[in-house]
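One structure below.
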There are 2 protein chains.
Amino acid sequence: MLSQFKWMSMPQKQVKLIDIANKLNVSIGLVSIVLSGKSKERRISDELAAKVIETAKALGYRPNQLARGLRTGKSGIIGLLVADISNPFFGKMARYIENEAAKLEYQVMFGSSDENPEKLENLVNMFASRQVDGMIIVPVFQSESFLLSLQEQSIPFVFIDRYCEGVDEDAVVSDNYLGSYQLTSLLIKKGYGKIAAFANDLHLSNIKDRMHGYTTALKDSGLNYPVEDFIFEVDFDQLDTRLEAMLKQALENGCDAFFFANNKLGISSLKYFDKVGLTIPEDIGIVCFDNPEAFQVAKPGITCVEQPIELMCAKAINILSRKIEGKTESKPERISLPGKLIVRESC
Amino acid sequence: MLSQFKWMSMPQKQVKLIDIANKLNVSIGLVSIVLSGKSKERRISDELAAKVIETAKALGYRPNQLARGLRTGKSGIIGLLVADISNPFFGKMARYIENEAAKLEYQVMFGSSDENPEKLENLVNMFASRQVDGMIIVPVFQSESFLLSLQEQSIPFVFIDRYCEGVDEDAVVSDNYLGSYQLTSLLIKKGYGKIAAFANDLHLSNIKDRMHGYTTALKDSGLNYPVEDFIFEVDFDQLDTRLEAMLKQALENGCDAFFFANNKLGISSLKYFDKVGLTIPEDIGIVCFDNPEAFQVAKPGITCVEQPIELMCAKAINILSRKIEGKTESKPERISLPGKLIVRESC
DNA sequence: ATTATTTGCTCAAACGTTTTACTAGAAAAT
DNA sequence: ATTTTCTAGTAAAACGTTTGAGCAAATAAT
């Protein structure tokens, strides 16, 4: 029985312009003109154009975007460089970028840098090699020099989530200062006196701004303690090993409230507090940047600031597409969009 | 001041093979040979090869993958088609696919189908148009016919998360039957008598298998009630509007326990139960497929089955890469990998 | 000393498009 | 009747690679 070997059937070459051209005895260029929608301006007769379109459809023609891209110099691809696509925050970002890009007929390639400048560099180079029309980049610590060199090359990009100190490029971020100020102020208003702040990497612009909001809120409230004793830095890759020790340390320092600079820190800490039997908000108060689903089902719910991810992505794609089209009329701008304060029961 | 207009500086054309060739007064082909690592087999002298590599580095050469791909017929890209990249389950999948693909020097493009067959078809066509070397596809309801036609074309793909009934292709899924059987059995063992099942789309193979595990566990325990009255189907896009009504209905039907077929249903329902003041596990028992972070911080923690996503992705890439290399020796296989039962306090 | 082989490189076609320049014939203007 | 303009199309170069075929010089074999 042949049917047994059905999975061995095969090839069926891709149909290309020349196949259509041959079938209709016209030139290959004509087919190209018609199929790229230039029939009018190149005054191809309507009947012939119709015939071309028809046979293209009949034959199942699909343009080869590699060839097209090579010829036109546009790949129709946007590169998205996040820290880690499996982090729900970046997952959402990817989705909105995908949506916005699709509106402009772009497709998205992504890469996860893991906050590692070398990985970022490799990925950016790969993307450039693939002739992406532009990139949306979450910059990482110590990537300035490379990103500066990237600026010299003719490929447009915009930062998202964070900006990069030494690199004067467009950036779209949420208002990290404001959100953190609000969260910290809320803790203070609720009567918590010694508030610890936990962050993953104090070098990143978004984290810096969040810490700035935190410290300023403290100062504005007249709370004066050696702030540096209350700011804890713990890398994501040390989360399992170092976080608990630091939380314990903070508690020993007399902290009765916690400000977490992002969802991963908040979630991991929540597990710890549960383990050691601290009750929220009685024993300790908690607030956090980001609004993952976990904060909604946690008991009590966690007060937080939700970032305007969709808006950020729309803005970013908007700016990027203008840059791609060469409308580089204006100086790079840093757009900072306010998030939404969500008050729950954790403080 | 010129520095004011720094952002207006520009172009710096991409350097290509011919630039290197000219600089060294050698042929363009030679440069290509050296840079693609074929110096030995094409016996280029070591010193010249070294010089080529050196100047390539000095000039910052980056191969144009569009041109390369056009010539070689390989793009080095794998397409990943998920239902929604912002769903943490698929986010993790994307990450592991990215990792595994990177090992084989592939890059990943993704697309979200939203469980919509037309979107899926469009995305697949776009990917094919971009000459992806292969695809990893989460098939959706009513995409059989299109996927069958895709089989006819020479582009290899493998299913992940679900298989597609009428389409005989390789698939890597988690053991949905087993996991669901375990979860349901656990509920029964704990003494819950009337167990409702909630699913998003009863047509999908993974959901079918989960329901099968659920019903079989019931039957094996001698529990006999009109199962169809206890299976609720609610689409993701109806989650906000219909879910609550169905949960209420289930409760009115006397259900004292719930089996949720995926994380989104579980999480949303959790919020509802909290709202109406039902306590878990006393009033009702709960189990769920998937292990999102929310289930770890929820109080009580939610008993669930964690899918072996990383392993699934490794397997999928493995199979796909073999297909890409044309080693299509064997009949398509369906690989089903067992997940991990995580018992918490929700039942 | 001739022939055969190896070494180290060059040539040019090809991949599938897009697009500029051109042309043959028809229609319009002189 | 000749020139001009328009119409509807063709031809061919170009995009940046890879690669099979070829070739001259050097080395080895006879």
Side-chain angles (χ1 to χ4, degrees), chain A residues 11 13-53 56 59-77 128-133 154-155, chain B residues 11 13-53 56 59-77 128-133 154-155:
Chain A
K13 298 265 319 163
Q14 285 273 1
V15 13
K16 36 200 178 178
L17 290 182
I18 199 171
D19 299 318
I20 302 173
N22 286 343
K23 191 148 213 164
L24 295 175
N25 280 316
V26 295
S27 78
I28 185 176
L30 182 141
V31 180
S32 167
I33 291 167
V34 171
L35 293 182
S36 46
K38 301 197 173 62
S39 302
K40 289 298 160 218
E41 61 198 86
R42 295 290 300 259
R43 37 168 200 262
I44 306 299
S45 71
D46 289 353
E47 46 184 348
L48 188 46
K51 249 193 278 184
V52 167
I53 291 174
L59 265 51
Y61 172 74
R62 268 206 223 90
N64 181 326
Q65 299 287 359
L66 294 182
R68 194 204 286 262
L70 177 59
R71 178 58 228 246
T72 63
K74 318 251 82 199
S75 65
I77 299 180
S129 207
R130 295 198 180 288
Q131 315 297 116
V132 297
D133 294 334
S154 44
I155 148 147
Chain B
K13 297 263 321 161
Q14 285 272 1
V15 14
K16 34 199 178 178
L17 290 182
I18 200 171
D19 299 317
I20 303 173
N22 286 344
K23 190 148 212 163
L24 295 175
N25 280 317
V26 296
S27 77
I28 185 177
L30 182 142
V31 179
S32 167
I33 290 166
V34 171
L35 293 182
S36 47
K38 301 200 173 60
S39 301
K40 289 298 160 218
E41 61 199 85
R42 295 290 299 255
R43 32 163 202 266
I44 307 298
S45 69
D46 290 352
E47 45 183 351
L48 188 45
K51 251 195 276 185
V52 167
I53 291 174
L59 265 51
Y61 171 74
R62 268 207 223 89
N64 182 326
Q65 299 287 359
L66 293 182
R68 193 204 286 260
L70 176 59
R71 176 60 229 241
T72 62
K74 318 251 83 199
S75 65
I77 299 180
S129 209
R130 296 199 179 286
Q131 314 297 118
V132 297
D133 294 334
S154 45
I155 148 147

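When reading the values below, keep in mind they use all heavy atoms of this one structure, side chains included, and skip hydrogens, waters and symmetry mates. Naming convention: chains lettered A, B, ... in sequence-line order (proteins, then strands); numbering from 1 in each chain.
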Open item on the list: For the CD1 atom on Ile18(B), are there more than 12 heavy atoms of other groups (residues, nucleotides or ligands in this structure) within a distance under 6.0 Å?
Closed with: no
Open item on the list: Between C1' on dA8(D) and CG on Asn25(A), what's the gap in Å once rounded to a whole number?
Closed with: 16 Å
Task: Leu70(B) CG to dA13(C) C1', straight-line distance once rounded to whole Å - done: 13 Å
- [ ] Would you kindly give the CG-to-P distance between Asp19(A) and dG16(C), to the nearest whole Å?
- [x] 9 Å
Task: Spacing of Ile20(B) atom CD1 relative to dG16(D) atom C1', expressed in whole Å - done: 12 Å
Open item on the list: Within the 4.0 Å limit for protein heavy atoms, which parts of nucleotides 17-26 of chain D are touched? Write it as a string from 5' to 3', B for base, S for sugar-phosphate only, - for none.
Closed with: BBBBB-----
Task: Short side-chain N/O contact from Ser45(B) to OP1 or OP2 of dC9(C), under 4.0 Å - done: yes
- [ ] Check the distance between dA8(D)'s C1' and Lys40(A)'s NZ and give it to me in whole angstrom.
- [x] 12 Å
- [ ] Would you indicate whether the side-chain heavy atoms of Val52(B) and Ile33(B) approach each other to under 4.5 Å?
- [x] no
- [ ] Can you tell me the distance, in whole Å, between the CD1 atom of Ile44(B) and the P atom of dT10(C)?
- [x] 8 Å
Task: Euclidean distance, atom CD of residue Gln131(A) to atom P of dG16(C) [Å, nearest integer] - done: 19 Å
Open item on the list: Can you tell me how far apart CZ (Arg68(B)) and CD (Gln65(B)) are? Round to the nearest 0.5 Å.
Closed with: 5.0 Å
Name the atoms and distances for all side-chain donor-acceptor pairs under 3.5 Å in residues 39-48 of chain B, with sequence neighbours left out.
| residue | atom | partner | partner atom | Å |
| --- | --- | --- | --- | --- |
| Lys40(B) | NZ | Asp46(B) | OD1 | 2.7 |
| Ser45(B) | OG | Leu48(B) | N | 3.4 |

Task: From Leu70(B) atom CG to Ser75(B) atom OG, the distance as rounded to the nearest 0.5 Å - done: 11.5 Å
- [ ] Answer yes or no: are there more than 12 heavy-atom neighbours, outside Lys74(B) itself, under 6.0 Å from its atom NZ?
- [x] yes
